[in-house]
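Before any comments, here is the structure.
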Number of protein chains: 2
Amino acid sequence: MRNTVQRRVILDELRQLTTHPTADELYELVRRRIPAISLATVYRNLELLSEEGVIRRLWRAGTRRRYDGDARDHYHIRCTSCGRVDDIPASTPGTRLFGYLLKPSGYEVAACYVEFTGVCPACRARRSGGAPVAASSSSAP
Amino acid sequence: MRNTVQRRVILDELRQLTTHPTADELYELVRRRIPAISLATVYRNLELLSEEGVIRRLWRAGTRRRYDGDARDHYHIRCTSCGRVDDIPASTPGTRLFGYLLKPSGYEVAACYVEFTGVCPACRARRSGGAPVAASSSSAP
DNA sequence: ATAAGTGCAAACGTTTTGCCCTAGC
DNA sequence: GCTAGGGCAAAACGTTTGCACTTAT
């Protein structure tokens, strides 16, 4: 992975934000530093960086994808009214997850969605059998 | 909410599946019973039914939205290779979540994504202040 | 020198919408 | 009869891609 100006600035801008921007929100910011950058470059870099595990992709099918410059373990809470996404720190000896949710987050918590990712039995068989699968959509977030 | 033929068939077909179909997968099935139905109707109904809490919308499932006819509490596991989504039963006295994940699911589990949904502080204030918010995107999944 | 990366514009697939008509209440 | 809901086609939307050019290695 080459160290291009565009990539450096995209990552730098993303890491300065705690707002989990969409590709074009980030594009607007990056454009202030590299006016000639294209939206496609932002998309390509966000995709590549999340595949490499440098950043995280917050999937939401059908709407806009959001990205998180912090790849460390933590949760997210999304406002069902305006769509913003905030961080919820992972439980540690110092912070209790549900305690945080109830008070400091300020959110009125409505629901919790849990999704595991992995490799299904059929794909595991196919994989060990030899022929690789035509990967349809995504890598693990 | 009126009890139309289309709505009845869409819900019925969805409930017969455990495969969490996309809108157009369901459309193909429904079309066998109502050949003249339009894809837009399927979309409109899936959206309405999930807003009403009758079915569930699986936001994170790849690029295409997937729907679940079972609105009861359970989790999902998505294959990062082929995109299929399976159910993981919620922990009950009889089934242990992690026990299930490790064995009967057959999946090689890679990661777990947790997202809460709720109403953010700003929207709560706006809401109690009176003026309703121009809801941007969604209801809780 | 060479291949990864970029910019541009056009293409893509999914979802939403406006319009007028149909049918449930 | 009134209105939510349907069908159709077109638009909108976020994202991806082909191509020729650039640039980091």
Side-chain angles (χ1 to χ4, degrees), chain A residues 1-14 20-52 54-55 57-67 78 83 85 134-139 141, chain B residues 1-14 20-52 54-67 83 85 134-139 141:
Chain A
M1 194 161 65
R2 285 187 189 170
N3 178 25
T4 64
V5 188
Q6 292 88 337
R7 184 161 301 153
R8 235 177 299 129
V9 173
I10 287 168
L11 188 54
D12 182 56
E13 287 292 335
L14 178 57
H20 313 92
T22 59
D24 65 271
E25 282 165 3
L26 197 52
Y27 170 62
E28 288 306 325
L29 289 170
V30 170
R31 218 140 63 116
R32 305 218 273 248
R33 291 167 62 179
I34 312 177
I37 201 172
S38 80
L39 182 55
T41 296
V42 175
Y43 271 107
R44 278 192 275 237
N45 275 289
L46 289 172
E47 214 47 28
L48 187 64
L49 288 167
S50 43
E51 259 154 40
E52 299 290 320
V54 180
I55 66 174
R57 181 171 43 195
L58 311 183
W59 276 110
R60 289 190 58 210
T63 27
R64 294 148 80 195
R65 231 172 255 176
R66 293 184 172 274
Y67 295 86
R78 178 168 48 83
V85 175
S136 76
S137 54
S138 63
S139 57
Chain B
M1 194 161 65
R2 283 185 190 169
N3 179 24
T4 64
V5 188
Q6 291 88 339
R7 184 161 302 153
R8 234 178 299 128
V9 174
I10 287 168
L11 189 54
D12 182 57
E13 287 292 335
L14 178 58
H20 313 93
T22 59
D24 65 89
E25 283 165 4
L26 197 53
Y27 170 61
E28 288 308 325
L29 289 170
V30 170
R31 219 140 64 115
R32 304 217 274 250
R33 291 167 62 180
I34 312 176
I37 200 172
S38 80
L39 181 56
T41 296
V42 175
Y43 271 106
R44 277 193 276 240
N45 275 289
L46 289 173
E47 214 47 26
L48 187 65
L49 289 167
S50 42
E51 259 153 40
E52 299 290 321
V54 180
I55 65 174
R56 273 175 79 181
R57 182 169 41 193
L58 309 185
W59 276 118
R60 284 176 44 79
T63 29
R64 296 151 81 191
R65 228 171 258 175
R66 293 183 171 275
Y67 295 86
V85 175
S136 75
S137 54
S138 64
S139 59

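The model shown is predicted, which means the values in this text are computed figures rather than measured ones. Just so it is clear: chains get the letters A, B, ... in the order the sequence lines come, proteins before strands, and each one is counted from 1.
Going from atom CG of A:Leu46 over to atom P of C:dG5 covers 14 Å, rounded to whole Å. Between A:Tyr67 atom OH and D:dT15 atom C1' there is a gap of 9 Å when expressed in whole angstrom units. A:Leu58 places its CG atom 17 Å from the P atom of D:dG14, with the value rounded to the nearest Å. In this structure, A:Arg66 places its CZ atom 16 Å from P of D:dC13, rounding to the nearest Å. In this entry the distance linking CG of A:Leu49 with P of C:dG5 reads 10 Å, nearest Å.
In this model, the phosphate group of D:dT16 is not approached by any side-chain N or O of A:Tyr43 to a distance below 4.0 Å at OP1 or OP2. Residue B:Arg64 places no side-chain N or O under 4.0 Å from the OP1 or OP2 atom of C:dC12.
The heavy-atom pair separating A:Leu39 from A:Ala23 by the smallest distance is CD1-O, 4.2 Å. When all heavy atoms of A:Ile10 and A:Val42 are compared, the closest pair comes out as CD1-CA, 3.8 Å. B:Leu49 and B:Met1 make their closest contact through CD2-CE, 4.1 Å (heavy atoms, listed as atom of the first residue, atom of the second, distance). Between B:Arg66 and B:Gly83, the shortest heavy-atom contact is NE-O, 3.8 Å. When every heavy atom of A:Tyr27 is checked against every heavy atom of A:Ser38, the shortest pair comes out as CE1-C, 3.7 Å.
Residue order along DNA chain D, read from the 5' end via each residue's closest nucleotide, puts B:Arg7 first among A:Ala23 and B:Arg7.
Here A:Asn45 lies in heavy-atom contact (under 4.0 Å) with sugar-phosphate atoms only. Residue A:Arg44 is in base contact, counting any heavy-atom pair closer than 4.0 Å across all strands shown.
Taking the C1' atoms of five terminal pairs at each end of the helix from C:dA1-D:dT25 to C:dC25-D:dG1, the two resulting helix axes are inclined by 40°, rounded to 10°.
Listed by residue number, A:Ala36, A:Ile37, A:Ser38, A:Ala40, A:Thr41 are the residues of residues 25-41 of chain A with a heavy-atom contact under 4.0 Å to DNA chain C.
B:Arg33 has a carboxylate O that lies under 4.0 Å from a charged side-chain N of B:Glu13, or vice versa, which qualifies the two as a salt bridge. A salt bridge links A:Glu28 with A:Arg31: at least one charged nitrogen is closer than 4.0 Å to a carboxylate oxygen.
Between the A:Arg57 side chain and the A:Arg65 main chain, no donor and acceptor come within less than 3.5 Å of each other.
The side chain of A:Gln6 approaches C:dT6 more closely than any other nucleotide in the set D:dG7, C:dT14, C:dT6.
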Which nucleotides of nucleotides 20-25 of chain D have their base under 4.0 Å from a protein heavy atom (B), which only their sugar-phosphate (S), and which neither (-), written as one string 5' to 3'?
---BBS
